[in-house]
J.: 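Sending over a structure as structure tokens; questions will come in a sec.
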Amino acid sequence: MFGCLVAGRLVQTAAQQVAEDKFVFDLPDYENINHVVVFMLGTVPFPEGMGGSVYFSYPDSNGMPVWQLLGFVTNGKPSAIFKISGLKSGEGSQHPFGAMNIVRNPSVAHIGISVELLDSLAQQTPVGNAAVSSVDSFTQFTQKMLDNFYNFASSFAVSQAQMTPSPSEMFIPANVVLKWYENFQRRLAQNPLFWKT
């Protein structure tokens with residue numbers, strides 16, 4: 001029903017079923033994992049009105065599991081990428097895996113999937129830094145930054161008649177800033193990652 005993928009490793013599709021509605025994947029050598037992908041295999045959909053909450057568990061200094069909610073998968077959203085590298089020092093949250101018979105190993109973390117009502121999933125709050133930022137949020141940030149810079153620079157605009165000569169200062173014509181602003185917006189709209197080349 002589910003799959004789990006870590007970069008540089010084989011895809012895991014054989015989750016350990018620890019209860020009728022709970023599944024667990026082992027993540028050996030979890031200290032070296034930055035992101036994990038959880039996805040539905042496409043062979044068995046969730047029952048109507050159901051989805052799966054996704055949890056990350058790692059052993060604390062006493063070997064006890066610390067569970068953190070990452071997010072969810074549903075028939076409408078059959079896969080998700082989660083950043084887990086920053087979670088290993090965080091605090092745990094409420095989880096449905098407390099009484100499960102899961103084999104513990106100090107160098108193995110777990111991804112747990114709990115099948116739950118969609119209404120229940122909508123009320124859960126994942127740990128803040130598990131979501132991977134998307135191009136859309138990057139584009140929004142860049143657009144806001146461009147607008148802020150242009151508005152800030154424009155607020156100092158003066159006409160040539162209002163300028164007082166100051167040989168120690170450089171001036172940039174406002175139309176040059178506007179041209180840069182428009183070119184940057186155009187290139188960002190064509191390819192949000194153009195700046196990487």
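Sequence positions, counted from 1, serve as the residue numbers for this chain.
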J.: Nearest 0.5 angstrom please: L10 CG to T13 OG1, how far?
T.: 10.0 Å
J.: Quick check: closest heavy atoms across R9 and D29, and the distance to 0.1 Å?
T.: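 Heavy atoms of R9 and D29 come nearest at NH2-O, 3.2 Å.
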J.: Is F149 linked to I172 within one hydrophobic cluster, defined over Ile, Leu, Val, Met, Phe, Trp and Tyr using a side-chain heavy-atom separation of less than 4.5 Å?
T.: yes
J.: When rounded to the nearest 0.5 angstrom, what is the spacing between CD in Q17 and CD1 in I113?
T.: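 Those atoms lie 11.5 Å apart.
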J.: With rounding to the nearest 0.5 angstrom, report the CG to CD distance, N175 to E182.
T.: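 N175 CG to E182 CD: 10.0 Å, rounded to 0.5 Å.
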J.: Do you reckon L118 sits in the same ILVMFWY cluster as L70, going by side-chain contacts under 4.5 Å, direct or chained?
T.: no
J.: Give the minimum heavy-atom separation between P173 and F171, together with the two atoms involved.
T.: CD-O, 3.9 Å
J.: Looking at every heavy atom in both C4 and I111, which two are closest together, and how far apart are they?
T.: SG-CG1, 4.3 Å
J.: Rounded to the nearest 0.5 Å, how far does CG of L117 lie from CD of Q123?
T.: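 So the gap between those two atoms works out to 10.0 Å.
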J.: Quick one: closest heavy-atom pair of A80 and F72, and the distance?
T.: CB-O, 4.1 Å
J.: May I ask you to test the Y55-H110 pair for a side-chain heavy-atom distance under 4.5 Å?
T.: no
J.: Indicate the atoms forming the closest heavy-atom contact of V54 with V38, along with that distance.
T.: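 Of all heavy-atom pairs spanning V54 and V38, the closest is CG1-CG2, 3.9 Å.
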J.: Hydrophobic clusters here meaning ILVMFWY residues chained together by side-chain heavy-atom distances under 4.5 Å, can you tell me if F23 and L121 are in one?
T.: no
J.: Is the ring pair Y150/Y181 parallel, tilted or perpendicular, if the boundaries are 30 and 60 degrees?
T.: parallel
J.: Which ILVMFWY residues can you reach from M170 by hopping between side chains whose heavy atoms are under 4.5 Å apart?
T.: none
J.: Can you list everything that forms a side-chain hydrogen bond (donor to acceptor under 3.5 Å, both in side chains) with S155? Sequence neighbours excluded, please.
T.: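 Testing S155 for side-chain hydrogen bond (donor to acceptor under 3.5 Å, both in side chains), a comparison that skips the adjacent residues, returns none.
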J.: Between M50 and V44, is there shared hydrophobic-cluster membership here, with clusters defined by ILVMFWY side-chain heavy atoms closer than 4.5 Å?
T.: yes
J.: If you count every heavy atom of other residues, nucleotides or ligands that lies below 6.0 Å from E48 atom CD, does the total exceed 12?
T.: no
J.: Taking all non-hydrogen atoms of both residues into account, name the closest pair between E116 and S53 and its distance.
T.: OE2-OG, 2.9 Å
J.: Relative to each other, are the rings of F184 and W180 parallel, tilted or perpendicular (30° and 60° limits)?
T.: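 The rings of F184 and W180 sit tilted, inter-plane angle from 30° to 60°.
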J.: With a 6.0 Å cut-off on the ring centroids, do F2 and F46 count as close?
T.: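 Yes, ring centres under 6.0 Å apart.
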J.: With the side chain counted from C-beta on, respond yes when V11 and F39 share a heavy-atom pair under 4.5 Å apart, and no when they do not.
T.: yes
J.: From L27 CG over to Y58 OH, what is the distance, rounded to the nearest 0.5 angstrom?
T.: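 Reported value, rounded in 0.5 Å steps: 14.0 Å.
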J.: Go through N75 and M40 one step at a time and tell me if the side-chain contact (heavy atoms from CB on, under 4.5 Å) criterion holds.
T.: CA-CA 8 Å; N75 291 336; M40 296 176 63; 3.3 Å; yes
J.: Can you find a heavy atom in the side chain of S154 that is under 4.5 Å from one in the side chain of V177?
T.: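 The answer is no, as the side chains (C-beta and beyond) never meet within the 4.5 Å cut-off.
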J.: In Å, rounded to the nearest 0.5 Å, how long is the span from NZ of K77 to OG1 of T74?
T.: 7.0 Å
